[in-house]
Amino acid sequence: MMFLRMKRNRCKIVSIFLVLLALSSCDVKGHNDSSERSSQKVSPIEQQIELEVAMQQEALEAYEALVSALQYSTRSESQAVLASLPSLFPEYFGGAYINGANQLVVQIVDRYYSDKQVTKIRSMKGLEKAQIEVVTYSCKELEDAKLHIEKQWENSSFLKDNVTMYGIDFESNSVLVGIDNIKPEIVAQFKNEISDSPIYTFENIGYVIEDSL
């Protein structure tokens with residue numbers, strides 16, 4: 001699972017991971033479905049999601065332009081390099097998210113940050129107004145950290161018994177681990193059995209009951 005909070009504490013569990021363009025994970029319908037939905041009851045959650053998407057449309061379009069440009073430039077690299085990366089994005093790219101002001105924030109990894117990189121991003125079509133943020137971890141590093149949990153899941157009773165969800169959270173530039181009834185000793189056990197890397201952050205997130213969504 002990989003996800004992104006578009007706004008903190010909004011659509012957290014049914015969340016949106018922009019790098020995979022998983023906006024559909026929130027089951028947001030387009031205008032073409034309006035006639036079909038007119039006869040269906042729209043939940044308050046769906047109404048809120050649709051309202052936020054409408055407000056963030058410009059930022060979403062800028063994000064799509066960013067993804068297209070970054071993936072195109074990466075494909076020009078050698079196949080040997082591409083085969084070694086779990087992500088198709090360049091090493092300097094930390095991620096992207098939409099902030100509370102409905103602006104697209106593009107993250108540049110601190111060790112690669114330069115005025116030249118900022119100019120390069122803002123020269124992309126639709127990204128002239130993008131906000132730039134310096135972060136610690138690249139998209140590749142975040143993916144690797146997420147995959148580390150995935151690889152241990154089947155053989156870890158600790159993960160199955162305590163972790164309710166996990167995924168990339170670009171806003172915090174971390175892999176967020178949800179734990180049911182979080183306690184210091186459970187976090188300590190995660191660090192002891194799974195990883196003590198600071199790339200992981202933790203929140204108290206209970207199990208999702210599908211019928212409640």
Side-chain angles (χ1 to χ4, degrees), residues 1-8 10-12 14-34 48-144 146 167-176:
M1 177 189 298
M2 309 173 77
F3 71 94
L4 167 75
R5 299 178 199 170
M6 291 180 75
K7 291 184 178 179
R8 191 162 292 279
R10 296 282 182 88
C11 196
K12 180 181 291 184
V14 191
S15 55
I16 302 174
F17 176 49
L18 286 182
V19 162
L20 296 185
L21 289 177
L23 188 59
S24 58
S25 65
C26 290
D27 198 25
V28 179
K29 304 291 186 179
H31 295 299
N32 293 336
D33 296 324
S34 59
Q48 181 62 42
I49 292 172
E50 290 184 353
L51 176 60
E52 290 192 1
V53 169
M55 293 172 61
Q56 299 166 353
Q57 187 60 39
E58 182 178 353
L60 287 170
E61 291 175 356
Y63 174 77
E64 292 179 7
L66 172 68
V67 169
S68 178
L70 290 181
Q71 289 189 335
Y72 178 79
S73 62
T74 305
R75 289 194 193 101
S76 66
E77 299 176 7
S78 71
Q79 291 301 312
V81 172
L82 288 178
S84 69
L85 301 178
S87 168
L88 289 178
F89 296 98
E91 289 283 354
Y92 69 81
F93 181 62
Y97 67 93
I98 297 174
N99 64 18
N102 300 317
Q103 299 170 312
L104 179 66
V105 179
V106 180
Q107 297 170 322
I108 298 177
V109 178
D110 51 10
R111 59 187 177 274
Y112 296 109
Y113 178 85
S114 68
D115 291 340
K116 182 178 179 180
Q117 285 290 8
V118 174
T119 300
K120 180 179 179 180
I121 290 174
R122 288 204 170 126
S123 66
M124 297 178 187
K125 184 179 179 180
L127 295 174
E128 299 84 1
K129 300 179 181 179
Q131 301 297 304
I132 304 297
E133 183 173 82
V134 181
V135 295
T136 302
Y137 303 110
S138 69
C139 182
K140 176 184 181 300
E141 290 171 312
L142 293 170
E143 285 189 1
D144 284 345
K146 180 193 72 68
I168 297 175
D169 180 12
F170 286 119
E171 189 173 355
S172 64
N173 189 231
S174 70
V175 172
L176 179 62

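Along the sequence shown, the residues carry numbers beginning at 1. Note that these values count all heavy atoms, side chains included, but never hydrogens, waters or copies made by symmetry.
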**Prompt:** Can you tell me how far CG of Leu60 sits from CD1 of Ile98, rounded to the nearest 0.5 angstrom?
**Reply:** 4.0 Å
**Request:** Using the test side chain to side chain donor-acceptor pair (under 3.5 Å), find all partners of Gln117 that sit at least two apart in sequence or belong to another chain.
**Result:** none
**Prompt:** Which atoms form the tightest heavy-atom contact between Gly126 and Ala62, and what is the distance?
**Reply:** O-CB, 3.3 Å
**Message:** Please find the pair of heavy atoms, one from Ala130 and one from Val106, that lie closest to each other, and give the distance.
**Reply:** CB-CG2, 4.1 Å
**Asked** So do Met124 and Leu70 actually touch side chain to side chain, heavy atoms under 4.5 Å?
**Response** yes
**Request:** Output the distance between atom CG (Leu176) and atom CG (Leu142), rounded to the nearest 0.5 Å.
**Result:** 11.5 Å
**Message:** I need the minimum non-hydrogen distance between Val109 and Thr136, along with the two atoms involved.
**Reply:** CG1-O, 3.6 Å
**Message:** Given 3.5 Å as the limit, does a donor-acceptor pair link the side chain of Asn173 with the main chain of Tyr137, or not?
**Reply:** yes
**Request:** Report yes if some heavy atom in the side chain of Glu61 is under 4.5 Å from a heavy atom in the side chain of Gln57; otherwise report no.
**Result:** yes
**Separation between CZ of Phe89 and CD of Glu143, rounded to the nearest 0.5 Å** = 8.0 Å
**Message:** With a 4.5 Å cut-off on side-chain heavy atoms, are Ile132 and Tyr113 touching?
**Reply:** yes
**Asked** Can you list the residues that meet the side chain to side chain donor-acceptor pair (under 3.5 Å) rule with Gln131, with sequence neighbours excluded?
**Response** none
**Prompt:** Which pair of heavy atoms, one from Gln107 and one from Ala96, lies closest together, and at what distance?
**Reply:** OE1-N, 4.0 Å
**Prompt:** Between Ser138 and Glu91, which heavy-atom pair has the shortest distance, and what is it?
**Reply:** CB-O, 3.3 Å
**Asked** Atom OH of Tyr63 and atom CG of Leu127: how far apart are they, to the nearest 0.5 Å?
**Response** 11.0 Å
**Asked** Between Phe170 and Cys139, what is the shortest heavy-atom contact and its length?
**Response** CZ-SG, 4.3 Å
